[in-house]
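Since the model is a prediction, treat every value here as computed from it, not as a measurement. Residue numbers start from 1 in every chain, and the chains themselves are labelled A, B, ... in the order their sequence lines are given, proteins ahead of strands. For the numbers below, each heavy atom of this structure counts, side chains included, while hydrogens, waters and symmetry mates do not.
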Amino acid sequence: MDHSATPQTHPTLLVVDGHSLAFRAFYALPVDNFSTKDGQATNAVYGFLTMLSQVIETEKPDHIGIAFDVKGGTFRNELLTQYKGTREAAPEELLTQLPLIQQALTALGVRWIEKPGYEGDDVIATLATMGEHDGCRVLVLSGDRDSFQLIDDDVTVLYPGYHFKDLKHMDPAAVEAKYHVTPGQYPDLAALRGETSDNIPGVPGVGDGFAAKWINQYGSLDAIIEHADEIGGKKGEALRDNIDQVRLNRRVNALVRDLDLGVTIDDLDYGRVDADLTERLFNELQFGERTRTKLLTTFNTAPDDTPTPAPAIPTIIEPLVDALTDTASLTMWIEQYCPPADPTEERPDPTLDITAEYDHQSTQCADAVRRSWTLYIDGDAKPGHASAHMAAIIAGAHAVAFDPADPRYHDTLRTLLDTHADSLSVHGYKEHLHMLAAADLTCPTVLFDTNLAGYLIDPDFQGGSLEECAAHFLDIHLDDHDDTPKQGTLGFEDNDDQDDDPAQRCIDHAAVVAALARRLAPELERREQYPLLRDIELPTSRVLFHMERTGASVDRARLDELHTQFADESAQMEAIAESAAGRSINLQSPKQLGVVLFEEMGLKPTKKTKKGAYTTNAAALQTLYATSEEGSKANEFLGALLRHRETNKLKQIVETLIDAINPKDGRIHTTFTQTVTATGRLSSVDPNLQNIPNRNADGREIRSGFVPGEGFVDLLSADYSQVELRIMADLSGDEALIEAFRSGADFHRYVASLVFGIPVDEVTPDERSRVKAMSYGLAYGLSTYGLSKQLGISNGEATKLRDQYFETFGKVHDYLESLVADARRTGYTETIFGRRRYFPDLNSPNRQRRDAAERGALNAPIQGSAADIMKIAMIRADRALRDAKLASRIVLQIHDELVVELAAGEVDEVIALVKDAMEHAVDLAVPLDVSTGVGTDWQRAAH
DNA sequence: GGCCATTCGTT
DNA sequence: GACGTACGAATGGCCT
């Protein structure tokens, strides 16, 4: 017996019209403000969930059921063929969000229900009726007025007003006040009036007012129909003319209240969130931290099994800004506030072999980061012309800002960095190294980098800037020179009046970094990524900093020569093409090309592009060229066009390189971005030096423009052969594949002999290349279709090749399957060193997305492991060169290749050191093979 | 000046 | 109906 003082209240059941709410949310929130980076609209998902969350907070229901419509018609369409006929097919952007809403509800532990052949409205009516019978107070959240018929003393409809978030509580009194009929009479009224949004015509000229008047006069629709003759005037006549329609309307708008839904009220409990699923989905939706926290606390009410409470978002501290006057004041400030690293904490010995002691290091960083101090430098981090304008330090609750080049503070800062880097958190270690270098300062490896940490936590998150990281991980939106107010964002309180003060601005940013570090460190630990940050990414940043600062030396005269050469031929080809076309044309415009080729020359319609037009890509042009009549205008035009494409592209590449030459040193300083690729690879920008032509002879000539700089004699090119396949051999443990590598024979030839069951020396070049394509295709998730297309063989032959291959290398097959299966289970893949990539799309209802995710899950661990290995090799090679006090230095990395500038007299020693660093970066079941070449330019260094 | 689509260079 | 990963960058052509 319940002796508590509070009276026993009825439990509350919340019933939601899923489609209605999704529609309302979609049209209420601008899609532009709610989209993921890859263009998936999320406004309806966001609006739906926050609205639901808001209602739950306010109404505190005990049970929740969400009703959805099912695709396909209902019994209503049979009654009324035009039913909902004018309703625009919901926009694609909304439709794609419905499955996401349902997935989110499942993840959040909320039951949703649909019933084929019926509408969500009927499900709602049934649930409401069920709740009422079970003694519940029922709330129906719906924007559909048909639901008003459900209203009674126990059932209230929550009806969104003009502003989406204003909910009107429609109870019997509210309905009577608005429509002057009872809720039970509302469908009669609606039948007379019609419903434009559902394409249901009512009696012409009859609106709510007349309908209510008649209902009150006669009591019901039946009675009105019975006395239809007595009603005079135009409206009476209209009623009589439309009696059948009105009867039909009434049948259609009557909700079914007794469906068999297979659920009881107890099935509509909620409160147990699937944290893992939710996180993956919210990552995919790119929800900010505030949204996540809000939703999780609302939906996760179960007192028990809630193992991982949402991590608290550290508040941005508003530090006490201390004024500096001289060296002594900064020195004192540092002594007082800047923490030295915890001496009891084990710091990795920088000379330690990364792989050897890998498992014995601490995997914790959160405590150290909480105690850490923060440095933020405002300046330009572009290698070649870096600069530092302002530095801000936050330590504890205190902050200072000063010009790092100011002689009063310069040496103090130098000492601080030299002695306290291991308790320092920054956003962008590499960038800070560039800016510090501009102020003649260095900095040993730091404790924590929020940019690298954010990348390791979620490598698919695009955006390394502090602003973007703050938005993504803290849901804090800094001003970014954008005056347009952003929906649902908060201004950064500190800078309202201090916007113009560079010192204050710098401190504000440092405060964000401090908060970000405290938010990310525990998350990094939770995902077991801290060892990667400490042992791979941070040391890699140092190496990249040196490479970028050094730059790659180029032979300007050679590049100019190549430019002229390509430009000449390009112009020549353009002239030929224009003469063949009989008019002037911009050959670089696919649109104009389309007109000439497919309209004026009337060439056969080739393949389509992604969006409508006929493609004019090289493959298509090649086909057209091959099939065009020899000597025809079209043939002549296509030949010139194809050659123009090539030479013009090469001309442009050379031009870009020339423009990128730094006048100060005549070298090209690329920037290696470390937090861009989802797999762990680096990328190169401004300019991109990782896509210098290499496939064709004339393009490859450009590489001859890369030369050793002054004081250096040669370039060394060292690259891994078949790293990805070796990784596949190691990870799969396939004995046959491992043996293929250990044998030291020509790998593809050896594999072909196994696959085709013939002696090695009988393998034809064709067989070798097929097997080679197959081997590489595997790691990319290549389909047999793709394989057949690439090799120019039939799909059947490709399938046969694949089957033979897997028969030979059974464990490779099992391994590749297990990659996808594991990823589907855990939500992520892992490289050899534990680098993760998440694949929420593996469970996508969309086939294409799912297939793409599967290919990604196949590729990410393999490509990612190769990237890890190369990063380790770079760290080792860089260290080996420095330890040996050699002048030779790494200048470029092209995924599996290193380019090293060789100083006189060091050639043999450097080759040995670099080769060793690369070959022993990691110990696999198969040897890593590195081939090297030396030459006076990059092309000659090829091997 | 910003944004998208097309095209093409690398591994 | 699509159908190999991961990228960066130039161009034209449209928008504001």
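No engagement by A/Ala866 is indicated, since no non-hydrogen atom pair under 4.0 Å with the nucleic acid exists. Residue A/Lys591 is classed as a sugar-phosphate contact, given heavy-atom separations below 4.0 Å to backbone atoms only. Within the 4.0 angstrom heavy-atom criterion, only backbone atoms of the sugar-phosphate kind lie near A/Ile692; the bases stay farther away. Nucleic acid contact for A/Arg645: sugar-phosphate only, since backbone atoms but no base atoms lie under 4.0 Å from a heavy atom of the residue. A/Asp686 comes within contact range of the sugar-phosphate backbone alone, with a heavy-atom separation under 4.0 Å but no base atom that close. As judged by a 4.0 angstrom heavy-atom cut-off over every strand, A/Thr615 is placed among residues touching the sugar-phosphate backbone only. Using a 4.0 Å heavy-atom criterion, one finds that A/Asn691 contacts the bases of the nucleic acid, with or without backbone contacts as well. If you check every strand for non-hydrogen atoms under 4.0 Å, A/Ala618 touches sugar and phosphate atoms only. At the heavy-atom level, A/Gly777 lies nowhere under 4.0 Å from the strands shown. Across all strands, A/Arg837 comes closer than 4.0 Å only to sugar-phosphate atoms, never to a base (heavy-atom distances). Using a 4.0 Å heavy-atom criterion, one finds that A/Gln588 contacts the sugar-phosphate atoms exclusively.
Look at CD on A/Gln592: it is 14 Å from P on B/dT7, rounded to the nearest Å. Whole-Å rounding puts the A/Asn696 CG to B/dT10 C1' distance at 12 Å. Rounding to whole angstrom units, OH of residue A/Tyr614 and P of B/dT6 are separated by 15 Å. Separating the CD atom of A/Glu655 from the P atom of B/dC8 is a distance of 18 Å, rounded to the nearest angstrom. Distance A/His895 NE2 to B/dG9 P: 16 Å, rounded to the nearest Å. Across the protein-nucleic acid pair, A/Leu650 atom CG and B/dT7 atom C1' stand 14 Å apart, rounded to whole Å. Following rounding to the nearest Å, A/Arg681 (CZ) and B/dT10 (P) show an atom-to-atom distance of 14 Å. Put simply, CD on A/Gln893 is 17 Å from P on B/dT10, counting in whole angstrom units.
For A/Glu646 and A/Arg643, the salt-bridge test passes: some basic side-chain N is under 4.0 Å from an acidic carboxylate O. The pair A/Arg556-A/Asp560 counts as a salt bridge, with a side-chain nitrogen and a carboxylate oxygen less than 4.0 angstrom apart. Under the 4.0 Å criterion applied to side-chain N and carboxylate O atoms, A/Arg768 and A/Asp746 are assigned as salt-bridge partners. Note on A/Glu854 versus A/Arg847: no salt bridge recorded, every NZ/NE/NH1/NH2 to OD/OE distance being 4.0 Å or above. Classification of A/Asp814 and A/Lys811 as a salt-bridged pair fails, no side-chain N sitting under 4.0 Å from a carboxylate O. A salt bridge is defined here as a Lys NZ or Arg NE, NH1 or NH2 lying under 4.0 Å from an Asp or Glu carboxylate O, and A/Asp766 with A/Arg770 meets this definition.
Contact detail for A/Leu593 and A/Arg645: the closest heavy-atom pair is CD1-NH2, 3.4 Å.
Test A/Asp803, A/Leu801, A/Thr799 against A/Thr784 for side chain to side chain contact (heavy atoms under 4.5 Å, CB included) and you get one pass: A/Thr799.
Rounded to the nearest Å, the gap between the P atom of C/dC3 and that of B/dT6 is 14 Å. Taking the P atom of each, B/dC3 and C/dT5 are spaced 27 Å apart, rounded to whole Å.
Protein chain A contacts DNA chain C over a range whose 5' and 3' limits, counting nucleotides with an atom under 4.0 angstrom from a non-hydrogen atom, are C/dG1 to C/dC14.
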